[in-house]
Amino acid sequence: MEQSTSKVVLIVDRFYRIISNSFYYWLQLLRKGVIYGWNPALRKTLAHRELQESGFSDLEGNGALPLEKGLSFVFSLSGSLLWICLLQVESKGALALFGLTFSSTFLLVTFILGNYYLLELKKQDTLQPALAFYKGIKAIWQQPAFTCFLLAGFLLLFVGFCLNKILFVSFLPGLYIELLYHGEHKMRNGRKS
């Protein structure tokens, strides 16, 4: 009985952590400004997640890191273009389809590059954003399994957004943070062995 109670407590605790991290993410996104805040909000929420687990985080800091606002702006711009193309696809035909393909690819690449940039910054002892950006670009091809993992996370967020907005707002950002946290630790520990 005690072992099943502890499993129930662990499940409830994990569920609570996911939901609280989702709302923490949205709060950080609003604080940082939606257009420029995607990557800073992700960094702050991942740091919040690390503090929950270990009491220490490599990602602490209040200000936006160099290149974070630029990546967030490009992500917002490509998301806006994707939305506009989705609205125009019936009336404009092939041109809107081209725009849809271009903007969705650009959105996906920006999303994955922003995640790698964040994880590469986390590995550095001193802040070198240009080096982290370069290593993030290299990591896309050098770590295809983790890139596919990030792609699956993006698709999970996209499908969740399309299916249920309440689930998307309350659960999916926290779930993505949880997956990113554990995936990054498995990747780092797998590389050391």
Side-chain angles (χ1 to χ4, degrees), residues 7-8 10-49 52-53 68 71-119 140 143-187:
K7 284 184 181 182
V8 170
L10 288 174
I11 290 170
V12 169
D13 182 54
R14 175 81 38 106
F15 189 72
Y16 170 75
R17 185 179 293 162
I18 288 171
I19 290 177
S20 69
N21 284 338
S22 290
F23 286 109
Y24 187 83
Y25 174 79
W26 293 116
L27 176 68
Q28 291 302 314
L29 183 63
L30 291 174
R31 271 188 178 164
K32 304 292 181 190
V34 175
I35 292 176
Y36 295 109
W38 298 101
N39 282 355
L42 183 65
R43 177 177 51 87
K44 292 290 283 182
T45 308
L46 194 57
H48 180 71
R49 172 65 183 92
Q52 289 173 337
E53 191 74 27
E68 263 188 339
L71 283 169
S72 294
F73 177 74
V74 170
F75 184 76
S76 294
L77 181 66
S78 56
S80 298
L81 288 173
L82 177 65
W83 183 64
I84 289 169
C85 290
L86 282 172
L87 293 176
Q88 297 293 322
V89 80
E90 286 184 23
S91 63
K92 302 290 185 202
L95 182 61
L97 193 58
F98 172 75
L100 184 70
T101 304
F102 175 76
S103 59
S104 60
T105 302
F106 208 64
L107 182 74
L108 181 62
V109 168
T110 307
F111 177 81
I112 290 174
L113 185 57
N115 280 279
Y116 272 120
Y117 172 72
L118 175 71
L119 296 174
I140 291 173
Q143 301 169 358
F146 196 69
T147 302
C148 289
F149 177 76
L150 291 175
L151 175 64
F154 179 81
L155 291 175
L156 173 75
L157 291 171
F158 183 75
V159 168
F161 176 76
C162 292
L163 294 179
N164 190 334
K165 307 298 187 269
I166 295 172
L167 176 72
F168 175 76
V169 168
S170 63
F171 191 73
L172 289 179
L175 180 63
Y176 181 75
I177 291 293
E178 196 74 18
L179 291 173
L180 186 61
Y181 176 78
H182 289 293
E184 188 265 336
H185 281 283
K186 285 195 184 294
M187 180 188 71

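Scope of the values below: all heavy atoms of this structure, side chains included, with no hydrogens, waters or symmetry mates. One is the number of the first residue; the rest follow in order along the sequence.
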Heavy atoms of other groups near [X] [atom1], more than 12 under 6.0 Å:
X: L87; atom1: CG; result: yes
X: L163; atom1: CG; result: yes
X: F158; atom1: CZ; result: no

Locate the shortest heavy-atom distance separating [X] from [Y]; write the atom from each residue and the value.
X: K32; Y: G37; answer: CB-CA, 3.7 Å
X: F146; Y: E184; answer: CE1-N, 3.8 Å
X: S22; Y: L175; answer: OG-N, 4.5 Å
X: E68; Y: Y117; answer: CG-CE2, 3.9 Å
X: L82; Y: S104; answer: CD1-CB, 3.8 Å

Considering only heavy atoms from C-beta outward, does the side chain of [X] approach that of [Y] to under 4.5 Å?
X: T45; Y: L29; result: no
X: I112; Y: I140; result: yes
X: L77; Y: T110; result: no
X: K44; Y: R31; result: no
X: F106; Y: L81; result: no

*asked:* Parallel, tilted or perpendicular, judged at 30° and 60°: which one describes the rings of H48 and Y24?
replied: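 The rings of H48 and Y24 lie parallel, inter-plane angle below 30°.
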*Look at the aromatic rings of F102 and F98 and report parallel, tilted or perpendicular, splitting at 30° and 60°.*
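Correct class here is parallel.
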_Can you tell me which residue among Y36, F154, W38 is in a ring-ring contact (aromatic ring centres under 6.0 Å, His included) with F75?_
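Only one of Y36, F154, W38 forms a ring-ring contact (aromatic ring centres under 6.0 Å, His included) with F75, namely W38.
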_Check whether S72 reaches the backbone of N39 with its side chain - one donor and one acceptor, N or O, closer than 3.5 Å._
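Side chain of S72 to backbone of N39, a donor-acceptor pair under 3.5 Å: yes, one is there.
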Kindly compute the distance separating [atom1] ([X]) from [atom2] ([Y]), expressed to the nearest 0.5 Å.
X: L107; Y: S76; atom1: CG; atom2: OG; value: 9.5 Å
X: L42; Y: L71; atom1: CG; atom2: CG; value: 11.0 Å
X: L172; Y: S170; atom1: CG; atom2: OG; value: 7.5 Å
X: Q143; Y: L150; atom1: CD; atom2: CG; value: 9.5 Å
X: S20; Y: I177; atom1: OG; atom2: CD1; value: 11.0 Å
X: F149; Y: L180; atom1: CZ; atom2: CG; value: 7.0 Å

*asked:* Under a 3.5 Å cutoff, is there a donor and acceptor pairing between the side chains of Y176 and N115?
replied: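 Yes, N115 and Y176 have a side-chain donor paired with an acceptor closer than 3.5 Å.
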